[in-house]
Chemist: 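Structure incoming, see below.
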Amino acid sequence: MDYNFQDIEKKWQQRWRERKTYRVVEDENKKKFYVLNMFPYPSGAGLHVGHPLGYIASDIYARYKRQKGFNVLNPMGYDAYGLPAEQYAIQTGQHPEKTTFQNIDRYREQLDKIGFSFDWDREVRTCSPDYYHWTQWAFEKMYDSFFCNKCQKAQPIEKLIEYLNANGTAGLDAAQTEQLDITAQEWQQMDARQQSDVLMNYRIAFLGETMVNWCPKLGTVLANDEVVDGVSVRGGFPVEQKKMRQWCLRVSAYAQRLLDGLDTIEWSESIKETQRNWIGRSEGAEVEFKVADSDLAFTIFTTRADTMFGVTFMVLAPESELVQKVTTDAQREEVEKYLAYVKGRTERERQIDHKITGVFSGSYAINPFTGEKNPIWISEYVLAGYGTGAIMAVPAHDSRDYAFAKHFGLPIVPLIEGADVSEESYDAKEGIVCNSPAEGKDPYCDLVLNGLTVKEAIQATKEFVEKQKLGRVKVNYRLRDAIFSRQRYWGEPFPVYYKDGVPQMIPEDCLPLMLPEVENFLPTETGEPPLGNAQIWAWDETQRKVVDKALIDNKTIFPIELYTMPGFAGSSAYYLRYMDPHNDKALVDKKVDEYWQNVDLYVGGSEHATGHLIYSRFWNKFLYDYGYSCKEEPFQKLINQGMIQGRSNFVYRIKDSNTFVSYGLKDKYDTTPIHVDVNIVSNDVLDIEAFKAWRPEYADAQFELENGNYICGWAVEKMSKSMFNVVNPDYIVERYGADTLRLYEMFLGPISQSKPWDSNGIDGCFRFLRKVWGLFYSRDGQLLPTDSEPSKDSLKSIHKLIQKVSQDIENFSYKTAISAFMICVGELAQQKCTSKAVLEPLVELLAPFAPHLCEELWEVLGHKDSVCDAPWPEVNEEYLKEDTETLSISFNGKTRFTMDFAPDASKEDIEKTVMEADSTARYTDGKQIVKVIVVPHRIVNIVLK
RNA sequence: GCGCUUGUGGCGAAAUUGGUAGACGCGCCAGACUUAGGAUCUGGUGACUCAGGUCGUGUAGGUUCGAGUCCUAUCAGGCGCACCA
């Protein structure tokens with residue numbers, strides 16, 4: 001009987017649905033295991049074979065863990081807010097919700113065909129109100145919090161208010177936008193609006209006047225990780241810098257904890273490193289410089305405190321507020337000209353060409369270490385957003401300062417013994433310091449650095465700075481606060497209304513604030529975001545509900561926020577919601593959260609390293625501070641699946657003709673390569689009839705063949721519609737079955753590596769499953785399994801397999817596990833094994849990989865329950881033992897001969913026997929054996945003299 | 001520039017603490033069965049070769065009885081950050 005995968009798969013998918021095989025409930029008697037995939041954005045194109053890669057990998061692991069006796073949570077849902085649906089809505093007027101739901105249905109249909117063990121009762125959609133209820137709730141919590149630097153955690157804003165009432169900002173150590181200096185009395189005398197502004201400076205979700213990445217084409221702001229090379233990731237439109245009042249999240253407050261947490265989780269080194277880079281911690285010192293002949297002073301940040309004596313000029317960022325203050329009248333005209341030039345340069349231009357530009361301000365700063373006057377320059381090479389927006393320039397030991405100094409003819413003073421700075425700066429942080437003043441010689445300070453190493457000098461200078469109160473030791477981070485507003489329709493609305501311009505949160509018990517209906521998804525004529533088109537969009541404080549905005553009276557009825565939240569809002573805590581998706585009292589019940597804890601295994605692409613994977617760690621840490629999440633890190637182990645690229649096929653048309661030549665003959669003619677749909681090519685052989693039918697213009701095409709076949713050329717490219725290289729999983733499922741697809745995707749190569757989709761090997765996986773089938777049914781449909789005693793050989797084969805597969809799954813080496821299956825099944829077939837005692841563990845082991853087939857075979861073996869609850873077989877070492885062990889005897893790294901030993905022969909026995917063996921002399925040219933080394937893997941090495 | 005990472009047959013790739021390099025699959029070759037087929041099954045398949053062997057894991061050294069694996073240098077590809085002081 002043939003392996004009829006179509007019937008089998010249909011049958012079991014239906015049973016799983018009916019029996020709710022994959023439903024999971026909290027069970028205190030079982031250990032939990034939480035497996036999660038990054039949930040997909042349901043795009044209109046549907047799934048291609050790249051999408052399920054990670055899902056299959058995690059599904060195998062989930063099923064394995066379940067058989068191991070764990071209570072496994074393996075949920076799936078949709079990241080349903082997103083730009084494409086909105087763009088489509090703008091073009092067609094179709095509501096994004098409709099498009100999104102259609103796409104979700106399509107995804108679901110495709111996913112169901114692959115046989116995943118998802119618990120669909122736990123599905124979440126970020127766009128559904130009972131989900132975004134908790135996104136809004138978290139936002140309100142962040143609004144009502146500040147970050148205490150001393151205790152390194154979020155605290156209720158009331159605590160801050162209490163503190164301000166008692167002390168003002170004196171001694172306050174909280175994460176803040178800018179340093180404020182307010183006395184308790186001043187605070188108490190402020191009106192509501194002023195107090196609101198002060199609190200904004202500390203809130204974790206806050207309104208900030210910040211430079212944002214504004215994308216005019218998309219009509220919205222973008223987060224830093226949504227901009228690459230000065231253009232938007234989505235669409236590739238130019239992005240410019242613009243100052244806007246925006247909602248922001250104080251992610252930077254958590255920089256240190258985000259960094260420290262990396263040491264506690266099992267992620268790949270490369271992705272941890274990417275996050276460390278993005279956080280960009282640097283230790284240094286802030287030093288205050290006074291401006292000569294004025295009351296002004298400013299602070300610079302440096303990581304090279306040891307170079308204080310090599311400062312020859314200062315540089316301010318053009319955007320710095322100090323620029324106007326330090327510019328002298330004589331220089332004003334030139335400075336203004338320069339500022340205008342900088343303003344005209346786009347972010348992109350600044351990133352691409354690093355032109356050396358700048359202007360002298362006319363003022364001088366006094367080096368607190370030497371009393372020397374250093375000219376203050378203004379240049380775009382100093383960034384406003386990093387450190388203090390001002391630097392001390394040490395041209396001898398910083399290449400950028402060096403280039404600037406050379407360009408403008410400023411002095412260069414080397415400070416390290418033997419450093420030659422005539423051609424380039426000496427940037428390395430090593431060597432012995434010189435040129436600092438000798439002891440007692442300097443009227444300004446008695447710091448002696450000469451003779452110290454750079455590292456020692458940095459330390460000594462930092463201590464000196466702290467002691468003399470010239471500044472302070474400071475840690476700086478590159479990580480910026482996240483901009484949290486988007487000028488779009490299709491996103492979570494902010495639960496915020498404005499009373500006299502002061503933001504107010506909609507009461508927690510009135511959430512969710514539902515996304516209003518609009519007629520038009522474009523910005524309004526007055527330039528408001530799309531929500532400006534909503535008519536029913538005002539908050540009535542007395543009725544506590546949303547009302548028509550015509551009623552706004554600014555007494556009890558107020559306008560609601562028009563911005564919506566960005567894409568990462570909904571994806572930042574979804575893993576918590578899966579634990580308790582139908583709870584309408586809390587994001588997740590405390591008890592339930594304590595059961596599931598956090599995600600044990602998270603699978604997804606590495607492209608989210610500086611986006612989602614930072615934001616959700618931040619979000620979770622915030623919730624953790626309040627005890628809403630019981631684990632500080634959301635994702636314990638992370639596996640990054642590689643991207644599946646497309647493998648395009650080409651046909652070669654002779655120029656100005658309708659004749660196509662096979663790949664091997666193309667060089668004989670002048671040909672043009674043309675992309676051909678990979679779905680009508682198999683093993684690079686073109687299906688000529690299908691090709692003729694593909695496009696009307698090819699209907700009467702002529703072909704020049706090689707050995708009777710038309711061979712296509714190929715190339716690895718991005719999988720995309722325009723290259724005709726998109727392989728749809730439905731097609732593979734139809735032709736080979738879901739189990740073959742699952743097996744083959746895992747057989748393609750290591751999960752974490754990017755690789756092209758290449759259907760050339762899929763037959764091998766299909767053949768393997770058919771061989772498995774062949775162990776159960778003979779060709780004429782007879783059932784083969786019997787209760788007979790298994791042979792020693794077959795027991796050995798299967799126990800070897802148990803050992804190997806168990807190890808490989810734990811290491812995510814699915815490919816080698818499948819190889820082991822192939823070997824074992826080959827051996828069992830050869831042994832004509834029919835014993836249930838062997839076939840049963842085989843089915844148990846294979847079930848995570850090929851669940852449909854194994855359910856069927858499990859039933860064939862007489863079981864009534866589902867194979868997912870079958871126990872994971874245990875290896876019995878007894879069966880693995882050999883009767884005799886053949887040892888290879890080698891010297892000089894080569895095997896020379898072999899000898900047989902009992903498997904439990906001792907090392908000494910082996911040494912003795914080899915030493916005395918007659919055959920030895922034949923191979924050793926009469927040389928004497930001086931040493932016999934017994935090593936694992938049946939190898940004995942002898943040393944000759 | 002800094003950081004991370006990967007280099008093994010025609011291809012995708014295996015290889016426990018250093019221990020028979022190339023498992024397994026694809027492709028290719030040969031054979032079987034066949035009223036040629038993109039079917040199935042069996043065997044072979046790193047390269048040279050005087051047929052005994054020799055050489056082979058990007059390159060060059062080193063440690064070792066023994067190196068894909070460890071060390072040093074170097075080359076090439078991929079990814080991330082990048083005027084971050």
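Reminder, nothing fancy here: chain letters follow the sequence lines and each chain counts from 1.
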Chemist: Take A:Ser813 and A:Phe766, find for each the nucleotide of RNA chain B with the closest heavy atom, and name the residue whose nucleotide sits nearer the 5' end.
Modeler: A:Ser813
Chemist: With a 3.5 angstrom cut-off on both distances, give the Watson-Crick or G-U wobble partner of B:G19, or none if there isn't one.
Modeler: B:C65
Chemist: List the steps and the verdict of salt bridge (Lys or Arg N to Asp or Glu O under 4.0 Å) for A:Arg472 and A:Glu288.
Modeler: CA-CA 9 Å; A:Arg472 58 191 186 121; A:Glu288 187 171 279; over 6 Å; no
Chemist: Using whole Å, what does the distance between atom C1' of nucleotide B:U16 and atom NZ of A:Lys800 come to?
Modeler: 16 Å
Chemist: What side-chain donor-acceptor pairs closer than 3.5 Å can you find for residues 305-314 of chain A, not counting sequence neighbours?
Modeler:
unit_1   : atom_1 : unit_2   : atom_2 : d
A:Asp306 : OD1    : A:Arg304 : NE     : 3.1
A:Asp306 : OD2    : A:Arg304 : NH2    : 3.2
A:Thr307 : OG1    : A:Arg304 : O      : 2.6
A:Thr312 : OG1    : A:Pro411 : O      : 2.9

Chemist: Please work out if A:Ile391 contacts a base, only the sugar-phosphate, or nothing of the nucleic acid, heavy-atom cut-off 4.0 Å.
Modeler: base
Chemist: Across the strands shown, which category fits A:Arg281 at heavy-atom distances under 4.0 angstrom: base, sugar-phosphate, nothing?
Modeler: nothing
Chemist: Just name whichever nucleotide pairs with B:U72, Watson-Crick or G-U, keeping both distances under 3.5 Å, else none.
Modeler: B:A60
Chemist: If we take the C1' atom in both B:C79 and B:G25, what is their distance in whole Å?
Modeler: 28 Å
Chemist: Could you identify the nucleotide paired to B:G37, looking across every strand shown and requiring Watson-Crick or G-U wobble geometry with both distances under 3.5 Å?
Modeler: none
Chemist: Distance check, C1' atoms only: B:C2 and B:U57, in whole angstrom units.
Modeler: 30 Å
Chemist: OP1 or OP2 of B:U40 sitting under 4.0 Å from any side-chain N/O of A:Arg767?
Modeler: yes
Chemist: Can you tell me the distance, in whole Å, between the OH atom of A:Tyr402 and the C1' atom of B:G1?
Modeler: 17 Å
Chemist: Determine the interatomic distance between C1' on B:A36 and the same-named atom on B:A13; round to the nearest Å.
Modeler: 34 Å
Chemist: Please confirm whether A:Arg617 makes a cation-pi placement over A:Trp267, using NZ or CZ under 6.0 Å from the six-membered ring centre and within 45° of the ring normal.
Modeler: yes
Chemist: Can you tell me the pairing partner of B:U54 across any strand shown, Watson-Crick or G-U wobble, with both distances under 3.5 angstrom?
Modeler: B:A47
Chemist: Anything under 30° is parallel, anything over 60° is perpendicular, the rest tilted; go ahead and classify A:Phe408 against A:Phe404.
Modeler: tilted
Chemist: Under 4.0 Å, heavy atoms only, any strand: does A:Pro750 hit a base, just the sugar-phosphate, or nothing?
Modeler: sugar-phosphate
Chemist: Write down the partner of B:U42 under the Watson-Crick or G-U wobble criteria, each distance required to be under 3.5 Å.
Modeler: B:A30
Chemist: Indicate, with a heavy-atom threshold strictly under 4.0 Å, whether A:Lys815 touches base, sugar-phosphate, or nothing.
Modeler: base
Chemist: What is the distance, to the nearest angstrom, from the CG atom on A:Asp763 to the C1' atom on B:G38?
Modeler: 8 Å
Chemist: CD of A:Gln645 versus C1' of B:C11: gap in Å, rounded?
Modeler: 15 Å
Chemist: For the pair made of CD in A:Gln830 and C1' in B:U42, what is the distance, rounded to whole Å?
Modeler: 10 Å
Chemist: Can A:Lys804 and A:Asp808 be counted as an ion pair, charged N to O under 4.0 angstrom?
Modeler: yes
Chemist: Start with the C-alpha gap between A:Val382 and A:Leu316, add the side-chain angles, then the distance that decides, and say whether side chain to side chain contact (heavy atoms under 4.5 Å, CB included) holds.
Modeler: CA-CA 6 Å; A:Val382 173; A:Leu316 301 178; over 6 Å; no
Chemist: Establish, with yes or no, whether the OP1 or OP2 oxygen of B:A85 is under 4.0 angstrom from a side-chain nitrogen or oxygen of A:Ser282.
Modeler: yes
Chemist: What does A:Val382 touch in the nucleic acid at a heavy-atom separation under 4.0 angstrom: a base, only the sugar-phosphate, or nothing?
Modeler: base
Chemist: Taking only the C1' atom of each, what is the distance from B:G3 to B:U20 in whole angstrom?
Modeler: 39 Å
Chemist: Base, sugar-phosphate or nothing for A:Arg276? Non-hydrogen atoms, less than 4.0 Å.
Modeler: nothing
Chemist: Looking at B:G1, which nucleotide sits across from it as a Watson-Crick or G-U wobble partner, both distances under 3.5 angstrom, or is there none?
Modeler: B:C81
Chemist: Counting side-chain heavy atoms from C-beta on, which of B:C4, B:A85, B:C81 comes nearest to A:Thr303?
Modeler: B:A85
Chemist: What's the gap between B:A23 and B:C11 when it is taken at their P atoms, as a whole Å value?
Modeler: 14 Å
Chemist: If the plane angle is over 60° it's perpendicular, under 30° parallel, otherwise tilted; pick one for A:His608 and A:His612.
Modeler: perpendicular
Chemist: Take atom C1' in B:U35 and the same atom in B:C26, then report the distance between them in whole Å.
Modeler: 31 Å
Chemist: Give one of base, sugar-phosphate or nothing for A:Leu383, where a contact means two heavy atoms less than 4.0 Å apart.
Modeler: base
Chemist: Base, sugar-phosphate, or nothing for A:Lys355, non-hydrogen atoms under 4.0 angstrom?
Modeler: base
Chemist: By nearest heavy atom, map A:Asp808 and A:Tyr386 onto RNA chain B; which one lands nearer the 5' end?
Modeler: A:Asp808
Chemist: Contact class for A:Gln753 (heavy atom, under 4.0 Å): base, sugar-phosphate, or nothing?
Modeler: sugar-phosphate
Chemist: For a quick check of understanding: with a heavy-atom distance under 4.0 Å over all strands, which category does A:Arg779 fall into, base, sugar-phosphate or nothing?
Modeler: sugar-phosphate
Chemist: Sequence neighbours excluded, which residues qualify as salt bridge (Lys or Arg N to Asp or Glu O under 4.0 Å) partners of A:Lys462?
Modeler: none
Chemist: Rounded to whole angstroms, how far apart are CZ on A:Arg478 and P on B:G80?
Modeler: 13 Å
Chemist: What distance, rounded to whole Å, do you find between the two P atoms, one in B:U64 and one in B:U17?
Modeler: 23 Å
Chemist: Assign A:Ser270 to base, sugar-phosphate, or nothing according to its heavy-atom contacts below 4.0 angstrom with the strands shown.
Modeler: sugar-phosphate
Chemist: Tell me: CD1 of A:Ile818 to P of B:A13, nearest whole Å?
Modeler: 15 Å
Chemist: What distance, rounded to whole Å, do you find between the two P atoms, one in B:A60 and one in B:A67?
Modeler: 15 Å
Chemist: Nearest-Å distance, CG (A:Asn640) to C1' (B:G78)?
Modeler: 15 Å
